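Computed from a predicted model, the values in this text were never measured in an experiment.
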Amino acid sequence: MAGFRILPRSFYRRPAEVVARELLGRYLVREAGGERLVVRLTETEAYLGAGDPAAHTYRGRRTERVRSMYLGGGHAYVYFTYGMHHCVNVVVGEVGSGSAVLLRAAEPVDGEAAMRANRGLAAGAPPAAIAGGPARLCQALGIDRKLDAATLWRGKLRLVEGDPASVETVERTPRIGVAYAGEAASWPLRFLAVEPSLAAAPRRRRG
DNA sequence: CGGAAGATCCACT
DNA sequence: GTGGATCTTCCGA
């Protein structure tokens, strides 16, 4: 059964690839507009800090935007990109490590109607369209830069125990959209919870 | 101070 | 499969 016990700060004080893997199946809880929105995490990516050419903190870069990435495990790092999208990360490691886990996809657990409204989706849109993608996830949960540096162990954006046992198989692949990062573009730091129901489903024919 | 690109998504062909 | 939207952030000059 899914638990709503808040993940302790020690959970985050570990390497990014470990936390990225263990975040699968956990629940992200967002209190907004008098409602509680809950999603189950299904896809994450690890960003390793100063030694990772794909990370915003590559070579120890310290700018105003990435300030929250150095706050230590358990904080949120929210950035704005492409002129219209937000993405949310879970900061991991010790204070000053500059490492984090990007939350790339999740599926609705509670408050689905409100999330559909946040996304402006038509009634018939499939559940995967609600939070299947880093910017979609933020839009569904109403996450923007006001939540940058938020504490995930208390407040209006929280990470809880969830249902990690529901993740039967984890697939690892290179990260998405980091072709500029040279060799690091091939590092297998993307983690996906393989859904048995989807794995068994017939494949769509290619065109 | 200007230019370029971005950890994306959507509509259209 | 391709391109447009849209603007913050960063870096080099």
Could you list the protein-to-nucleotides 10-13 of chain C atom pairs, N/O on both sides, closer than 3.5 Å?
from: C:dC10; atom 1: OP1; to: A:Thr63; atom 2: OG1; distance (Å): 2.1
from: C:dC11; atom 1: OP1; to: A:Arg61; atom 2: NH1; distance (Å): 3.4

Worked check of ring-ring contact (aromatic ring centres under 6.0 Å, His included) between A:Tyr79 and A:His56 = CA-CA 10 Å; A:Tyr79 68 91; A:His56 289 170; 4.8 Å; yes
Take the angle between the ring planes of A:Phe80 and A:His86 and call it parallel below 30°, perpendicular above 60°, tilted in between.
-> tilted
Could you check how far [atom1] of [X] sits from [atom2] of [N], rounded to whole Å?
X: A:Leu48; N: B:dA7; atom1: CG; atom2: P; value: 15 Å
X: A:Gln139; N: B:dT8; atom1: CD; atom2: C1'; value: 11 Å
X: A:Arg67; N: C:dT9; atom1: CZ; atom2: P; value: 13 Å
X: A:Leu102; N: B:dT8; atom1: CG; atom2: C1'; value: 11 Å
X: A:Glu43; N: B:dT8; atom1: CD; atom2: C1'; value: 13 Å
X: A:Arg62; N: C:dT9; atom1: CZ; atom2: P; value: 18 Å
X: A:Phe191; N: B:dA7; atom1: CZ; atom2: C1'; value: 15 Å
X: A:His56; N: C:dT9; atom1: NE2; atom2: C1'; value: 10 Å

Base, sugar-phosphate or nothing for [X]? Non-hydrogen atoms, less than 4.0 Å.
X: A:Arg190; result: nothing
X: A:Ala54; result: base
X: A:Phe80; result: sugar-phosphate

Contacts under 3.5 angstrom, residues 172-186 of chain A side chains, donor-acceptor by atom type, not counting sequence neighbours:
from: A:Arg172; atom 1: NE; to: A:Pro188; atom 2: O; distance (Å): 3.0
from: A:Arg172; atom 1: NH2; to: A:Pro188; atom 2: O; distance (Å): 2.8
from: A:Thr173; atom 1: OG1; to: A:Arg190; atom 2: NH1; distance (Å): 3.2
from: A:Arg175; atom 1: NH1; to: A:Ala46; atom 2: O; distance (Å): 2.9
from: A:Arg175; atom 1: NH1; to: A:Asp52; atom 2: OD2; distance (Å): 2.7
from: A:Arg175; atom 1: NH2; to: A:Asp52; atom 2: OD1; distance (Å): 3.1
from: A:Arg175; atom 1: NH2; to: A:Ala184; atom 2: O; distance (Å): 3.3
from: A:Tyr180; atom 1: OH; to: A:Ala54; atom 2: O; distance (Å): 3.2
from: A:Ser186; atom 1: OG; to: A:Glu183; atom 2: O; distance (Å): 2.9

Between the side chain of A:Arg26 and the main-chain N/O of A:Leu7, is any donor-acceptor distance below 3.5 Å?
-> no
Heavy atoms of A:Ala16 and A:Leu48 approach each other most closely as CB-CD2, 3.9 Å
If you check the A:Tyr82 side chain, which of B:dC9, B:dG6, B:dA7 turns out closest?
-> B:dG6
Report the nucleotide, chosen from B:dT8, C:dT8, B:dC10, that has the shortest atom-to-atom distance to any side-chain atom of A:Arg136.
-> B:dC10
Has A:Tyr47 got its ring stacked on the base of B:dA7, with centres under 5.5 Å and planes less than 30° apart?
-> yes
Give the C-alpha distance, both sets of side-chain angles, the deciding distance and a yes or no for side chain to side chain contact (heavy atoms under 4.5 Å, CB included) between A:Arg40 and A:Val167.
-> CA-CA 10 Å; A:Arg40 171 180 173 270; A:Val167 179; 3.8 Å; yes
Are side-chain N/O atoms of A:Arg21 and A:Thr44 paired as donor and acceptor at under 3.5 Å?
-> no
Carboxylate-amine/guanidinium proximity below 4.0 Å for A:Arg30 and A:Glu35 = no
Which value, in whole Å, describes the distance between the P atoms of nucleotides C:dG3 and B:dA5?
-> 16 Å
Any strand: nucleotide that pairs with C:dG3 via Watson-Crick or wobble, under 3.5 Å = B:dC10
Any A:Tyr180 side-chain nitrogen or oxygen under 4.0 Å from OP1 or OP2 of B:dA7 = yes
Can you tell me if the side-chain N/O atoms of A:Arg145 get under 4.0 Å from OP1 or OP2 in C:dT9?
-> yes
